**Q** 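The structure follows.
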Amino acid sequence: MLETRLVRCSLLDDAAWAATFKEAESGRAGLHLAIFEEPYLSYILEGKKTIESRFGVQRTPPFGRVERGDVILLKATSGPVVGIAQAANVWSYRL
């Protein structure tokens, strides 16, 4: 299970994100971990990249699991969680 205590502590100074994270942590919204390589993580954090796509032959999670309003923790490959986002829109296609 993802250790959420550090994330919760990091959000103490932001009431809106703290409340959003609490919803996800309690199970009232989904909570996901997305792992990114550079430069894509930086693009997302800078607002240059606003959509993420994952393609695979097998429909494995996160396929069909992420829903609008879910909280997504952004993690660097081999690094810490460095950001948080909320899914505004979600599309899942069977290719």
Side-chain angles (χ1 to χ4, degrees):
M1 177 102 189
L2 177 65
E3 175 58 58
T4 58
R5 181 180 49 83
L6 293 174
V7 175
R8 193 178 331 108
C9 290
S10 297
L11 297 173
L12 290 176
D13 292 336
D14 191 316
W17 271 117
T20 300
F21 184 72
K22 185 176 181 179
E23 289 284 313
E25 195 176 23
S26 71
R28 290 189 291 270
L31 180 61
H32 309 277
L33 179 66
I35 302 169
F36 292 93
E37 292 181 3
E38 288 296 346
Y40 306 106
L41 178 60
S42 292
Y43 292 162
I44 290 173
L45 295 173
E46 294 166 2
K48 294 178 182 176
K49 180 174 173 43
T50 59
I51 190 167
E52 173 60 17
S53 57
R54 305 278 171 123
F55 295 97
V57 175
Q58 302 295 324
R59 290 187 281 273
T60 58
F63 184 86
R65 301 267 179 101
V66 180
E67 297 180 9
R68 182 185 175 125
D70 284 359
V71 172
I72 304 163
L73 300 176
L74 309 175
K75 181 186 176 306
T77 303
S78 300
V81 171
V82 295
I84 187 170
Q86 189 170 28
N89 295 297
V90 178
W91 301 276
S92 296
Y93 295 103
R94 297 183 191 279
L95 302 176

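Keep in mind that the numbers below use all heavy atoms, side chains included, and drop hydrogens, waters and symmetry copies. A quick note: this is a predicted structure, and the numbers were derived from the prediction, not measured.
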**Q** Same cluster for L11 and L73 if Ile/Leu/Val/Met/Phe/Trp/Tyr side chains link at under 4.5 Å?
**A**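 In one cluster: yes.
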**Q** Side-chain heavy atoms under 4.5 angstrom apart, residues restricted to Ile, Leu, Val, Met, Phe, Trp, Tyr: same cluster for V81 and L45?
**A**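 In one cluster: no.
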**Q** Could you report the tightest heavy-atom contact between F63 and S92, atom names first, then the distance?
**A** CE1-CB, 3.8 Å
**Q** Identify the heavy atoms of V90 and A87 that sit nearest to each other, and give their distance.
**A**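 What the structure gives for the nearest pair is CG2-CB, 4.0 Å.
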**Q** I need the minimum non-hydrogen distance between F36 and L74, along with the two atoms involved.
**A**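 Smallest heavy-atom distance, with atoms named: CE1-CD2, 3.6 Å.
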**Q** In Å, rounded to the nearest 0.5 Å, how long is the span from NZ of K22 to CZ of R28?
**A** 7.0 Å
**Q** Only pairs at least two apart or in different chains count here, so list each side-chain hydrogen bond (donor to acceptor under 3.5 Å, both in side chains) that has a residue in residues 36-47.
**A** E38-S42, E46-K48
**Q** Looking at residues at least two apart in the chain, or sitting in another chain, which of them share a side-chain hydrogen bond (donor to acceptor under 3.5 Å, both in side chains) with K49?
**A** E52
**Q** Given the rule that I, L, V, M, F, W and Y join up when any side-chain heavy atoms are under 4.5 Å apart, are I35 and I72 in one cluster?
**A**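 Unlinked, I35 and I72 end up in two clusters.
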**Q** Under 4.5 Å between side-chain heavy atoms, hopping through other hydrophobics if needed: is there a path connecting I84 to L33?
**A**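 Per the 4.5 Å side-chain linkage, I84 and L33 are co-clustered.
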**Q** Show the nearest heavy-atom pair for residues G30 and A24, with the distance to one decimal.
**A**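 Answer, listing the atom of G30 first, then A24: O-CB, 3.5 Å.
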**Q** Under the side chain to side chain contact (heavy atoms under 4.5 Å, CB included) criterion, do I51 and W91 qualify, and how do the steps go?
**A** CA-CA 11 Å; I51 190 167; W91 301 276; 3.8 Å; yes
**Q** Which is it for L31 and T4 under the side chain to side chain contact (heavy atoms under 4.5 Å, CB included) test, yes or no, and what are the steps along the way?
**A** CA-CA 10 Å; L31 180 61; T4 58; 4.0 Å; yes
**Q** Which residue pairs pass the salt bridge (charged side-chain N to carboxylate O under 4.0 Å, His left out) test when at least one of the two sits in residues 57-80, sequence neighbours left out?
**A** none
